[in-house]
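Written out below as structure tokens is the structure these notes cover.
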Amino acid sequence: MKNKTNLGIYIHLPFCATICPYCDFYKIQYSFNLEKKYIKSLIKEIESTSTYGYKIDTIYFGGGTPSISARYLPQIMSSIKKVHNISATAEISCEANPCSLNDYTINFIKESEINRLSIGIQSFNQNNLKSLGRTHTNDRVISAISKVRKFGINNISIDLLIGSPFQNISDINTYMEYIKEINPQHLSAYILQIEKNTPFNNPTIIQSIPNDDKIYEIYIKTVESLNKLGLIQYEISNFSKPHFKSKHNLKYWSGKEYIGFGTSSHSFFKGSRYKNISNISEYILYPLDNKIITDLSPNSLNEYIIFRLRLVTGIKISRILPYINNSKLFYIHLENLKKSKLINKFDLTISLTPKGFLISNQIINSILKFIE
Amino acid sequence: MDFNRNNIRNFCIIAHIDHGKSTLADRILELTSAVQTRDMEEQLLDNMDIERERGITIKARAVHLKYNAKDGIEYTFNLIDTPGHVDFNYEVSRSLAACEGAVLVVDASQGIEAQTLANTYLALEHDLEIIPIINKIDLPSADPERVCKEVEDIIGIDASDAPRVSAKMGINIDKILEQLVQKLPPPTGNDDLPLRALIFDSYYDAYKGVVVYIRVIDGQVKVGDTITMMATGKVFSIVELGYMCATNTLSTDILHSGEVGFISASIRHIGDTKVGDTVTSTENPAKESLPGYKTVNPMVFSGIYPIDGSKYVDLREALEKLQLNDASLTFDPETSIALGFGFRCGFLGLLHMEIIQERIEREYNIDIITTAPSVIYRITLTSGKIIFVDNPTNYPTLDKISLAEEPVVNASILSPSEYVGNIMDLCQDRRGVFKDMSYIDDTRVEIKYILPLNEIVYDFFDVLKSRTKGYASFDYEVKGYSPSKLIKLDILLNGDIVDALSFIVHEEKSYARGRRIAEKLKEHIPRQMFEVPIQATIGGKIIARETVKAMRKDVLAKCYGGDITRKKKLLEKQKEGKKKMRQLGSVEVPQEAFMSVLKLD
């Protein structure tokens, strides 16, 4: 079939060996039996869902900690292949914890044709790591990554946290030393957000995290330092070497379709946004039901503005101008944003500067105000 | 039933706030079988929610009761409830004028307070027989003997046989009723004279129109009579006459002199029936109206704006409805650059203002924003013309003013003597002029000051309470106008004047006030995309400056695993939050910022 629509697949593997105290995603303490049952239901969902007419160009294994369920990865992959049409050049990513990367697991990862690993490092400061509940060491990270490369997986992404407890702007220098050594193709630097239902939501922790002004400094320094290392910012929190942007994540921000399998996974498929239930026992029982519509007006102009402004490429003025209710005031507003160095010089597109990214919600809402 | 004036007793209850007036009224109602206990709502006479919650009686009300006394005769009691608060002083005086006697309630542990005195003096001015009673004897801290002595020493009335009661527990209430029969004189009157009836209250009924409460002083009035309101000159034909009982009304064909009742006469506007006015017969009018009528003018003004601009019409309707029951409330449309369309409202005093604001929000469900209360200034312009300014925005520039005057009040503060220093510091700080101080007993003093009204409209009472650990009580009456060095203080946000934040303030206090407002605004205006300078200016000269720094970081959702709905919701929530903000140029100002300048410590 010609002109097939591209589609991403997201697979959620919720099991973790240890639960990090800041994590707000749907995750489950690892259990051998539960894992077995879960995989069975997951495969049932994968094989019972039709993506006829679509071509899968990205697959993403997220968690939880997919690397601790590594021995099931080949099986999951083959069930995907069985019913879905995978492109030969598909980007197939898997999240991994440095502690669960060893010869045994990497073999399975390799066997599953995974060609991109996203490794959760979070910090290169040992004290910092402890407060985050992470058990790995920097040495462990370095050796795990070189092992992965030996197996021929050369597209490596690492995750870092900005604003973790007691983090200091001088930590960034240390980070850069390590990043230089690892030389990843891709890097994500997320700003720690204290979420309501996590152990981190307590006064002691909240006191220990850098304030907004400090985070501003750390973030700006991180962006500048990464650029110097050739890791160029392409999204609020994402940086890459040329040609190594995450194709899968780009789908989220640019309104492309993806389908999620597994408990708590999200989909934007055939024009509707929905999610699977965030309850593993329910999911195991009824992997095909329990889908909840999450959004009644997907892919609107609002979405275009909200998500495209996360990207350094920004939004096209021509696309939104017809909907702006007072273009004269709108341009005055853009001038003000530019003067405050929140957006870049605008001509055909509006795009945020790193300073602007940090208050993107404010800027996005200030633009949306012109559209109501 | 034959009419016998000798068996009527018209009385009111006067007390300081919280001394138990409403509870006592309830017990009296119970004992006179006016209300079956099952019909009893706590504090029946206070039938507005706010009254019940605040424990204050806002508007006077009258209730008609039957009491079988120990002498075997059935008496008619008219209990006229009075507002306890100074804001409603004039209404109190009209209620008192309708009675022959007053039950003076004094708290057995707190003793005499500022309002006790003010109301007692008012009752004595009306030649009322005063029956003191000592309430709350059930409290462990009660000291009825001391309080009796206080009543005798301070007020100078015999309290030796004052009933010691507990309205809460229902102890000795019958003693009060017997004293009412024995000590109060029956009303005097002559049915043959031309009709003169005093209006002491009125309310708006959706079906009957305005219903007025009256005390017939001379003559009599019958259903079908044509009556004239002597002050307003309006003429009406009586549809219904009757008595207000505790839970129902009782119609009658005639009201004789000495009686208390209501008139319903298809009256549409409450303004036609002013409290204090005299009702007379149109055919056989009285030559002179009853003494004491005066129009009450609002003393405190404030802008009221709907938070949601589309509720402007609703707000107008709410104010119109409130005015139906409260002729002392005034309002005129007003426009503010900062707040949009709203109304400048006039109130009798601070409590009155708070009550109206609360009723708008509660009973009419309109979220409002109010500007700082202002008083009414008398300005003599250089042209010789005299103007009254109730809105800082309209305050003339200094070069056009030859004389500025502000209202001042006679204030009386009662407090334990240990707080005298604190109170005097406060009054001095509020530009008070000391008049007098006297010990009312070994431990308590009465301090008298002349204070500018504009110094007490903000937060005087709150501060007084906090500096005296809640012990001081406070009362005031407007004295008149006094020359003053007044100036207008403007607040600028991002270089633009915010009209709703302008103040008129005494020169001496302008710098401190300006600085404090700027600081308060800084606390309450959140950081936004751009830096926001806050300036306080007098005549264009900057006297204080603060800066709200630009926001550095916002909540950045990760959009993990394609969960972009969450991000959308987050933005929507932020947008909702912003709707509660006022957009002034490029600055977003939350409601709290406007409110914060109302209370400056």
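Sequence lines set the chain letters: A, B, ... in the order given, protein chains first and strands last, and positions in each chain run from 1.
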query: Of the listed residues (A:T294, A:N302, A:L342), which shares the most heavy-atom pairs with chain B below a 4.5 Å separation?
result: A:T294
Proximal component of A:E303, with respect to chain B [non-hydrogen, under 4.5 Å]: side chain
side-chain hydrogen bond (donor to acceptor under 3.5 Å, both in side chains) assessment of B:S336 paired with B:D499: CA-CA 6 Å; B:S336 152; B:D499 56 359; 2.8 Å; yes
query: With only heavy atoms counted, which part of A:F25 is less than 4.5 Å from chain B, the side chain, the backbone, both or neither?
result: side chain
task: Could you go through the salt bridge (charged side-chain N to carboxylate O under 4.0 Å, His left out) check for B:K569 and B:E572 one step at a time?
output: CA-CA 5 Å; B:K569 281 187 184 150; B:E572 236 127 68; over 6 Å; no
query: So which part of A:L337 gets closer than 4.5 Å to some heavy atom of chain B, the side chain, the backbone, both or neither?
result: both
task: Using modelled atom types only, decide if a donor and an acceptor are shared between the side chain of A:H333 and the backbone of A:F370 within a distance under 3.5 Å.
output: no
Interface moiety of B:E588 toward chain A, non-hydrogen atoms closer than 4.5 Å: side chain
- prompt: Under a 4.5 Å heavy-atom cut-off, does chain B meet the side chain of A:N211, its backbone, both or neither?
  reply: neither
query: By a 4.5 Å heavy-atom criterion (distance strictly below it), what part of A:F268 contacts chain B: side chain, backbone, both, or neither?
result: neither
- prompt: Does the ring center of A:Y60 lie less than 6.0 Å from the ring center of A:Y258?
  reply: no
statement: The interface call for A:K369 against chain B, heavy-atom contacts under 4.5 Å, is side chain
message: Ring centres under 6.0 Å, that's the criterion: do B:F343 and B:Y312 meet it?
response: yes
field: Top contributor to chain B interface from A:D212, A:I332, A:L358 [non-hydrogen pairs under 4.5 Å]
entry: A:L358
- prompt: Does any heavy atom of chain B fall under 4.5 Å from the side chain of A:E95, the backbone, both, or neither of them?
  reply: side chain
- prompt: Between B:K568 and A:D295, does at least one N-O distance fall below 4.0 Å, as a salt bridge requires?
  reply: yes
message: Between B:K311 and B:D367, does any side-chain N to carboxylate O distance fall below 4.0 Å?
response: no
field: When B:K549, B:E531, B:M529, B:M551 are compared by non-hydrogen pairs under 4.5 Å with chain A, the top option
entry: B:M529
message: Just so I understand: if I count every heavy-atom pair under 4.5 Å between each of A:H12, A:K355, A:E217, A:Q362 and chain B, which residue has the most?
response: A:Q362
message: Looking at A:E91 and A:K245, is there a salt bridge between them, counting it only when a charged N and a carboxylate O are closer than 4.0 Å?
response: no
message: Donor-acceptor pair, distance only, cut-off 3.5 Å: does the side chain of B:D332 make one with the backbone of B:R344?
response: no
- prompt: Most heavy-atom pairs under 4.5 angstrom with chain B, which of A:L368, A:I364, A:N336?
  reply: A:N336
task: Count the heavy atoms of every other residue, nucleotide or ligand shown that sit under 6.0 Å from NZ of A:K291, and state whether that count exceeds 12.
output: yes
message: Can you tell me which portion of A:I359 sits under 4.5 Å from chain B's heavy atoms? Options are side chain, backbone, both or neither.
response: both
- prompt: With a 4.5 angstrom heavy-atom cut-off, which part of A:S237 approaches chain B: side chain, backbone, both or neither?
  reply: neither
